[in-house]
**Student:** 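Below: one structure in structure tokens.
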Amino acid sequence: MAGLDDYLSIKLSKRQNEGLLRTLKHPASLADFCSNDYLGLARSQELMEMIQSAFRQLRPLRNGSTGSRLLSGNSAYHEEVEHKLAGIFRSDAALLFNSGYTANLAVFSSIPGKDDTILYDEFAHASIKDGARLSLAKKFSFFHNDLNDLEKKIRRSAGRIFIAVESIYSMDGDLCPLREIVRLAKTHDAFIILDEAHSTGVHGGSGSGIATELNIADQIAIRVYTFGKAMGIHGACVAGSEPLKQFMVNFARPLIYTTAPDNHDLVSIDCAFAYLSAHLELQKQLAMQIKLFRRHAEGVPGISGSESSIQTAIIPGNESVKKAAHALQTKGFDIRPILSPTVPRGRERLRICLHTFNTEQEIVELAAALAELVAIGESDYLSQ
Ligand SMILES: Cc1ncc(COP(=O)(O)O)c(C=O)c1O
């Protein structure tokens, strides 16, 4: 044991010396500009009461799901929730997963075969890259949102071609050119795998995401939706055809070899979508918050001014961005630095998440604080 701990401690010290040590922290009681609770559903008392009341009425009573979906873990309620999700996402079928991470592992590890090719955006989420790594297919990245590079790589690809993109990129907050990607995929008979993690809830009627909002969902072979962000709860689903669902039930190891979502997960998903459908004004409120921030942060160097609830302020260098985040935290804003190698070196950033519940004053003051921070300049806040 001591030998192992020595080895682990050396690795951790190396990380610490590089300024990259990760630690688990409790959320600060500061103004939340870092969580993915874009619509405030995680903190909604009304939704919480809906979930608790529906949970108490569920029969049969079970605290846990007791097994894999393929053994004792399935129920009529799992299938009912999947049926509802397929309706929301306008797909023939939907398959539940415990998280977006496992949904992506399942899709990428099971569907593209050894003669196929996965082409993924270089800024794709770790779960897409990890899933691709588990696949026997050939895999290549293409430059972020670069249709020319994507087409060049499509032309060089063999077998079935799977193009992996996100509707809203998690670290940059920018949107993928989905219509153009659909056109390109059609030209080359390629299949799109779309991760809607950061658009689920925020876009589309009932929170059904960008593909349905643009009315092109039927052009996309596989769509992944997650519920731990704007939906304020937990879990995920893959939406697509019935054969896609049945294939994953047979071959997707992250579905087969894990305990199924339990009743509390199911009732939370059911209630969160029902709640959002009755409160679609939340999407409009979020759009207003984004506009407000963009108006006040306009012209501040390094600020992305993206169209989504994820904004970034590029502050190159891990130490610089950590100091910048600390400076904002001392002013009352919960903002976290995103370091390399999570993002490319030189593109370290503050990731700023906007929410319906942020007050106008908080947003205006944050924009002013960011402007001040940039004006002070890197050398000054480094020495603070
Ligand atoms: C684009 C993207 N896909 C998938 C995931 C994973 O989702 P989950 O948190 O439900 O595992 C995330 C979460 O950070 C994400 O940003």
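We count ligands from 1, going down the list as the structure has it; atoms in each ligand are counted the same way. Nothing fancy with the numbering, it's 1 onward along the sequence.
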**Student:** Among all protein heavy atoms, pick the one closest to atom 16 (O) of ligand 1 and tell me residue, atom and distance.
**Tutor:**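 Checking every protein heavy atom, the shortest distance to atom 16 (O) of ligand 1 gives His198 NE2, 2.7 Å.
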**Student:** Is the distance between the ring centroids of Phe89 and Tyr225 less than 6.0 Å?
**Tutor:**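 Judged by ring-centre distance (under 6.0 Å), Phe89 and Tyr225 do meet the cut-off.
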**Student:** Is it the case that Arg62 and Asn263 place a side-chain donor and acceptor less than 3.5 Å from each other?
**Tutor:**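 No, because no side-chain N or O of Arg62 sits under 3.5 Å from a partner of the opposite role on Asn263.
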**Student:** For atom 11 (O) of ligand 1, what's the nearest protein heavy atom and its distance?
**Tutor:**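 Answer for atom 11 (O) of ligand 1: Tyr101 N, 2.8 Å.
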**Student:** Return the closest protein heavy atom for atom 8 (P) of ligand 1 as residue, atom name and distance.
**Tutor:**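 Protein heavy atom at minimum distance: Gly100 N, 3.4 Å.
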**Student:** Starting from atom 13 (C) of ligand 1, which protein heavy atom do you reach first, and at what distance in Å?
**Tutor:**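 Nearest neighbour among protein heavy atoms for atom 13 (C) of ligand 1, to 0.1 Å: Lys229 NZ, 2.6 Å.
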**Student:** Kindly indicate whether a cation-pi arrangement holds for Lys153 with Phe143, taking the cut-offs as under 6.0 Å to the six-membered ring centre and within 45° of the axis.
**Tutor:**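 Cation-pi check for Lys153 and Phe143: passes.
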**Student:** Side chain, backbone, both or neither: which part of Ala197 has a heavy atom under 4.0 Å from ligand 1?
**Tutor:**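 Near ligand 1, Ala197 shows its side chain, while the N, CA, C and O stay back.
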**Student:** Counting only heavy atoms not in Glu360, do more than 12 sit closer than 6.0 Å to its CD atom?
**Tutor:**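 Incorrect, the count does not exceed 12.
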**Student:** Give me the nearest non-hydrogen protein atom to atom 5 (C) of ligand 1 as residue plus atom name, then the distance to 0.1 Å.
**Tutor:**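 I find the closest protein heavy atom is His125 CE1, 3.5 Å.
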**Student:** Strictly under 6.0 Å, is that where the ring centroids of His198 and Tyr169 end up?
**Tutor:**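 Distance test on ring centres: not under 6.0 Å, no.
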**Student:** Can you tell me the protein heavy atom closest to atom 3 (N) of ligand 1 and the distance?
**Tutor:**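 Nearest protein contact, heavy atoms only, for atom 3 (N) of ligand 1 is Asp195 OD2, 2.6 Å.
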**Student:** Just by distance, no angles: are the side chains of Ser9 and Asp6 close enough, under 3.5 Å, to form a donor-acceptor pair?
**Tutor:**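 There is no such pair (donor and acceptor under 3.5 Å, judged by atom type) between the side chains of Ser9 and Asp6.
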**Student:** Is the closest heavy-atom distance from Gly228 to ligand 1 below 4.0 Å?
**Tutor:**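 Gly228 does not count as a contact of ligand 1 under the 4.0 Å cut-off.
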**Student:** Tell me the contacting part of Val224 for ligand 1: side chain, backbone, both, or neither, using a 4.0 Å heavy-atom threshold, strictly below.
**Tutor:**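 Under 4.0 Å from ligand 1, Val224 contributes no heavy atoms.
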**Student:** At a 4.0 Å threshold, what atoms of ligand 1 neighbour a non-hydrogen atom of Asn104?
**Tutor:**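 The atoms of ligand 1 under 4.0 Å from a heavy atom of Asn104 are 3 (N), 4 (C).
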**Student:** Hey, mind stepping through Gln289 and His355 against side-chain contact (heavy atoms from CB on, under 4.5 Å) and telling me if it holds?
**Tutor:** CA-CA 7 Å; Gln289 302 285 61; His355 311 95; over 6 Å; no
**Student:** Under 3.5 Å between some N or O of ligand 1 and some N or O of Thr226?
**Tutor:**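 No, there is no polar N/O contact under 3.5 Å.
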**Student:** Does the ring center of Phe140 lie less than 6.0 Å from the ring center of Tyr120?
**Tutor:**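 No, the ring centres sit 6.0 Å or more apart.
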**Student:** Closer than 4.0 Å to some heavy atom of Glu166 - which atoms of ligand 1 meet that?
**Tutor:**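 Once the distances to Glu166 are compared, the set is 1 (C).
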**Student:** Are Gln246 and Glu242 close enough that a side-chain donor and a side-chain acceptor fall under 3.5 Å?
**Tutor:**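 Yes - a donor-acceptor pair under 3.5 Å links their side chains.
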**Student:** State the atoms of ligand 1, each with its element, that fall below the 4.0 Å cut-off from a heavy-atom position in Ser170.
**Tutor:**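 So the answer, numbered in order with elements, is 16 (O).
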